[in-house]
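Residue indices begin at 1 and follow the sequence shown. Because only heavy atoms are used, hydrogens play no part in the values below, and waters and symmetry mates are left out as well, while side chains stay in.
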Amino acid sequence: MLFTAYLPFKDKRFISTEEKLVWAGLVLTYPTFMLGMLYVMGSIIGWLIFMVVLMRCYLDLRAKPRPLSPMIWMWIIAMLLMLVALLVAHSEWSLGTGQTIKSTIGWMKGWALLAIFPVIAALAKIRKEVVIRGVCIVAIHTLIFSFISVAFYVVKLPGDIFLSPLKVIGGPGESFFMVSFYGINPETGAGRWRFFTPWAPAAGFMACIYLVFCLQETNSRIRRWAIAGCWAMLLLSQSRAGIAIFIMLFPLVLFSDKFKEPWMLLLLGITVPIILLLGEPIYNSIMDSYEAVKQQRPGSTRVRKALANIAIQRWQAEAPIWGHGIVERGPKMVEFMPIGSHHSWYGLLFVKGMVGAVALAVPMLVSSVYLLWASQDSKTAQTALCLMAVLVCYSFFENLEILSYLYWPALLWFGFAFSNKRSSMAM
């Protein structure tokens with residue numbers, strides 16, 4: 001049931017309950033998705049593992065817990081600051097106790113996970129190879145799902161299968177509980193796949209996250225099939241941002257640990273002056289390409305721009321410091337989509353104000369600099385740097401908070417990189 005035969009160790013055994021839960025959370029992605037339970041599982045698994053870690057520390061009083069690194073403490077403080085911003089905004093706007101409790105639970109399912117998983121990685125006995133192999137299995141399952149779902153689309157079978165009854169517990173929307181094989185692009189009328197994510201662009205996001213992990217797999221056969229699954233997820237999702245970031249990842253994975261090499265310094269010394277001299281034509285070329293990509297789906301581009309404008313205007317005029325506290329639906333011109341959605345920074349400014357935006361920007365910036373420095377000597381940090389690059393890029397296209405239940409393996413890996421934990425295999 002848990003695909004233990006595919007564990008990357010000869011004894012095929014787990015070394016801790018936490019490791020077993022991480023493995024189960026990954027390899028059961030598609031089974032739980034087909035049952036309409038993925039959003040629930042992804043939201044609670046971090047807290048479940050965290051409770052196991054705390055219980056182990058409490059029961060084994062003789063074992064002194066490992067001290068958390070300053071980088072992890074930075075993320076803990078930043079995510080607690082998110083909670084403070086939420087509580088202050090609810091108080092200022094008199095949103096009531098019920099709404100405050102509901103929003104706090106939302107914080108636990110979203111931003112809090114950005115601190116919980118690094119803490120788990122630092123304190124629990126979890127091997128990095130388990131995370132890599134687990135992600136590869138999900139990617140291979142994605143490839144299988146691609147063939148099945150494309151067959152459904154070709155023979156014109158319904159794409160949406162059923163809406164999970166778990167939607168009654170609440171959440172960001174019905175799309176998080178809808179089980180479907182494929183969707184329809186409203187602009188073209190053609191099929192567009194979202195796989196186990198709530199919408200198609202999020203599938204492109206996960207394809208990029210999974211690619212970074214799959215490139216670290218040591219078994220060449222599994223690695224090839226897993227990367228093929230990532231490609232299938234990317235292409236069928238038709239995510240414009242995903243394609244650009246996906247292509248960027250290959251050189252980043254190959255060369256991000258080479259900045260100390262003399263040839264790399266020489267190359268940078270030649271390239272940077274050329275870019276500075278040709279800055280204007282290069283910038284114009286990039287912007288022309290960007291505009292051409294946006295015009296591929298003008299309706300989507302229009303809605304995104306309108307949502308951003310509404311978020312900025314209302315943030316500046318109504319709640320610049322602490323934000324509005326809750327997400328609000330936009331008008332008909334944006335298809336009633338939540339204000340600030342499709343963009344982490346606009347969403348943060350609207351809901352949590354400048355405090356929330358700073359609470360994400362500072363740890364992201366500091367972590368990126370730290371990982372760039374650490375990646376020159378650590379393969380784990382190099383992988384974390386690539387994952388952080390994906391998160392930073394996608395923060396301008398997606399809402400990182402409501403998708404944290406999907407990309408939690410990346411958050412776990414950040415904990416590995418920040419705590420410098422060694423693996424049983426050379427990493």
With heavy-atom distances below 4.5 Å as the criterion, would you say the side chains of [X] and [Y] are in contact?
X: L166; Y: Y39; value: no
X: V52; Y: K20; value: no
X: W413; Y: F213; value: yes
X: F176; Y: I402; value: yes
X: F117; Y: I120; value: yes
X: F50; Y: L113; value: no
X: V131; Y: V22; value: yes
X: M206; Y: Y394; value: no

Is it true that the side chains of [X] and [Y] contain a donor and an acceptor less than 3.5 Å apart?
X: Y370; Y: S69; result: no
X: S395; Y: W345; result: yes
X: E398; Y: W199; result: yes
X: Q99; Y: K102; result: no
X: T29; Y: H141; result: no

Original post:
Ring centres of W231 and F246 under 6.0 Å apart?
Top reply: yes
Original post:
Centroid-to-centroid, W193 to Y153, below 6.0 Å?
Top reply: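 Distance test on ring centres: under 6.0 Å, yes.
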Original post:
Listed by chain and number, what are the salt bridge (charged side-chain N to carboxylate O under 4.0 Å, His left out) partners of R194, not counting sequence neighbours?
Top reply: none
**OP:** Could you tell me how the ring of F145 sits relative to the ring of F195: parallel (under 30°), tilted (30 to 60°) or perpendicular (over 60°)?
**Re:** tilted
**OP:** I would like to know whether L26 and V130 meet side chain to side chain contact (heavy atoms under 4.5 Å, CB included); could you show each step before the answer?
**Re:** CA-CA 10 Å; L26 288 170; V130 170; 5.9 Å; no
Taking atom [atom1] of [X] as the centre, report whether more than 12 heavy atoms of other residues, nucleotides or ligands fall under 6.0 Å from it.
X: W47; atom1: CH2; value: yes
X: E318; atom1: CD; value: yes
X: M55; atom1: CE; value: no
X: M178; atom1: CE; value: yes

Subject >> side chain to side chain contact (heavy atoms under 4.5 Å, CB included) evaluation trace for F177 with V40 >> reply: CA-CA 9 Å; F177 299 95; V40 177; 4.3 Å; yes
Original post:
Roughly how far, to the nearest 0.5 Å, is the CE atom of M37 from the OG atom of S43?
Top reply: 12.0 Å
Would you be so kind as to tabulate the donor-acceptor pairs closer than 3.5 Å made by side chains of residues 70-81, with sequence neighbours excluded?
residue, atom, partner, partner atom, Å
W75, NE1, S367, OG, 2.8

Original post:
Given the rule in the side chain to side chain contact (heavy atoms under 4.5 Å, CB included) test, do W111 and L83 qualify, once you have shown the distances and angles that lead to the verdict?
Top reply: CA-CA 9 Å; W111 292 120; L83 178 60; over 6 Å; no
**OP:** Take L68 and L123 through the test side chain to side chain contact (heavy atoms under 4.5 Å, CB included) and record every step on the way to the result.
**Re:** CA-CA 8 Å; L68 298 177; L123 298 180; 3.9 Å; yes
